[in-house]
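Worksheet: the structure to be examined is printed underneath.
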Amino acid sequence: MILCYTFRMKRTFLLYILFFFSIPIFAQFFSKNKFRDLQVKAHSEIFFTQTENCYALELPGVDPSLIQMELPELPLGTKFISSKKEGFRADSGELGTVISLWFNFAYSGVTRIPPLLVKIKNRTYYFEFEKVMVHENPSLISPVLEIVFENPKNLISDKKTGRKTLKVRKGEKISFVLSLRYAVQVLDFSWKIPKDSIFTETERFDFANGITKITQFTGDAKNLSRFDWQILKDGTFSLPEISVRALAYNGSQKELHLNQNIALAVSGVASNLSDDKGIKGSDVFSAAFEKPSEQDFAEKQKAFTREDCEIMSQKERRSLMQKLFGKKYAVFSGGEIYPVPEKKSNGQAFSGGQKVKVSEQAGEWAFVECNEFSGWTLNENLFEIRG
């Protein structure tokens with residue numbers, strides 16, 4: 001009897017020992033707490049449209065052979081490509097399974113796929129997909145020029161046409177920032193001074209100079225320049241003619257212009273132009289473009305002589321980008337600027353000392369551009385910058 005009792009006690013003890021050690025193994029497959037904080041995570045920081053994007057789910061302590069999964073109903077524009085299960089070893093040394101899933105997204109924007117159903121040894125678990133931001137595929141999109149008005153800011157939108165209108169007063173200063181999105185590098189940047197306007201670049205950012213090059217994708221716009229613009233005539237005006245040649249993410253060069261979906265409606269006179277300056281009402285335009293007297297012109301010319309301008313041209317240097325693309329620059333020594341290459345047309349006198357871009361040449365004439373003016377002038381008024 002004693003021997004039989006002792007045998008039963010040992011057998012019971014052994015059963016308890018086996019049950020105790022089997023709990024962790026059993027729990028690792030059936031305890032929801034073990035997988036409660038796990039998530040199907042994006043494999044990279046940025047997802048793009050029209051390409052394969054990978055998610056991954058790591059399940060520690062689970063052999064790949066014990067796993068079955070079922071995809072949820074996918075959102076519109078999301079397409080399942082493929083999946084793979086393979087074993088992995090965690091940093092702690094624990095073995096497990098990583099499930100990789102690849103999807104293709106047709107649309108950009110914030111995306112979250114419904115939970116993934118996973119069966120582990122016939123027990124069902126649901127794992128949330130990480131919410132991701134899907135960007136337009138940079139290899140498929142072109143750079144875009146954008147404009148943001150700082151003053152005034154209010155744009156009136158036409159719901160039917162989508163065209164926007166900015167209402168300003170004649171002579172009122174309009175400030176705006178020009179920026180570039182989806183571009184790797186600026187190759188060339190220029191503009192034409194709008195007619196009947198005072199148009200000035202007040203600040204240029206580093207990215208506009210073509211020296212900075214983006215090495216990693218970003219959806220953020222890069223500022224190029226800040227401008228001040230005063231329109232000196234009533235009417236409806238389009239945005240300035242600004243041209244940028246930029247390098248796209250796919251390696252192609254793109255010639256960009258502002259989208260002309262904004263019009264400026266100009267009327268009246270800005271109050272700050274008629275206070276203490278002796279300029280009233282309809283005189284704003286004529287005063288701004290009035291041809292200076294010979295005496296005024298002579299006094300302005302004293303600032304920079306032809307000799308000064310020639311020395312300046314010898315000291316000036318073109319940038320590497322300007323040399324590579326054959327851009328021609330000169331120092332303007334002063335003289336008349338004409339709307340057409342004819343002396344019979346009405347010219348306007350300007351003092352010298354400005355660095356100008358030479359855009360075109362026709363015989364003894366050259367078309368020049370700078371922040372103060374643009375138009376045709378005689379070649380004799382220019383000292384070319386050769387450095």
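As the structure is a computational prediction, the values presented were derived from the model and not from experiment.
- Remark: Gln314 CD is packed, more than 12 non-hydrogen atoms of other residues, nucleotides or ligands lying under 6.0 Å away.
- Ser351 places no side-chain N or O within 3.5 Å of a backbone atom of Gly334 that could act as its donor or acceptor partner.
- Under the 4.0 Å criterion applied to side-chain N and carboxylate O atoms, Glu94 and Arg89 are not assigned as salt-bridge partners.
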Audit row: Phe217, His135, ring pair (Phe, Tyr, Trp, His ring centres under 6.0 Å) steps and yes/no
CA-CA 10 Å; Phe217 173 79; His135 297 270; 5.4 Å; yes
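- Panel note: side chain Ser225, backbone Glu201; no donor-acceptor pair is recorded below 3.5 Å.
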Applying ring pair (Phe, Tyr, Trp, His ring centres under 6.0 Å), run through Phe367 and Trp376 and close with a yes or a no.
CA-CA 4 Å; Phe367 188 88; Trp376 292 91; 5.4 Å; yes
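- The existence of a salt bridge linking Arg226 and Glu150 is confirmed by a sub-4.0 Å separation between a basic side-chain nitrogen and an acidic carboxylate oxygen.
- Nearest approach of Leu74 to Phe103, heavy atoms of both residues: CD2-CE2, 3.8 Å.
- Between Phe332 and Phe373, the gap from one ring centroid to the other is short of 6.0 Å.
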Using the rule given for ring pair (Phe, Tyr, Trp, His ring centres under 6.0 Å), can you reason through Phe227 versus Trp191, listing the C-alpha separation, both sets of side-chain angles and the distance that settles it, and then say yes or no?
CA-CA 11 Å; Phe227 293 93; Trp191 62 88; 5.1 Å; yes
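- A donor-acceptor pair shorter than 3.5 Å cannot be found between the side chains of Trp365 and Thr377.
- With Gln68 as the partner, the side chain to side chain contact (heavy atoms under 4.5 Å, CB included) test is satisfied by one option alone out of Lys85, Lys119, Lys121: Lys119.
- Between Leu224 atom CG and Asp206 atom CG the span is 11.5 Å, to the nearest 0.5 Å.
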Is there a side chain to side chain donor-acceptor pair (under 3.5 Å) between Asp228 and Thr202 once you walk through the steps?
CA-CA 7 Å; Asp228 282 346; Thr202 58; 4.6 Å; no
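- Of the N and O atoms on the side chains of Lys170 and Gln230, not one donor lies less than 3.5 Å from an acceptor on the other residue.
- Between Leu256 and the choices Ile242, Leu180, Val144, the side chain to side chain contact (heavy atoms under 4.5 Å, CB included) rule is met once, by Leu180.
- In this structure, Glu130 contributes its side chain and Ala42 its backbone to a donor-acceptor pair below 3.5 Å.
- No donor-acceptor distance shorter than 3.5 angstrom exists from the side chain of Glu310 to the backbone of Glu307, with no hydrogens or angles considered.
- Under the 3.5 Å distance criterion, the side-chain polar atoms of Ser333 are matched with a main-chain donor or acceptor of Asn381.
- Checked against a 6.0 Å centroid threshold, the rings of Tyr55 and Phe129 count as neighbours.
- Ring centroids of Tyr249 and Tyr182 are separated by 6.0 Å or more, keeping the two rings apart.
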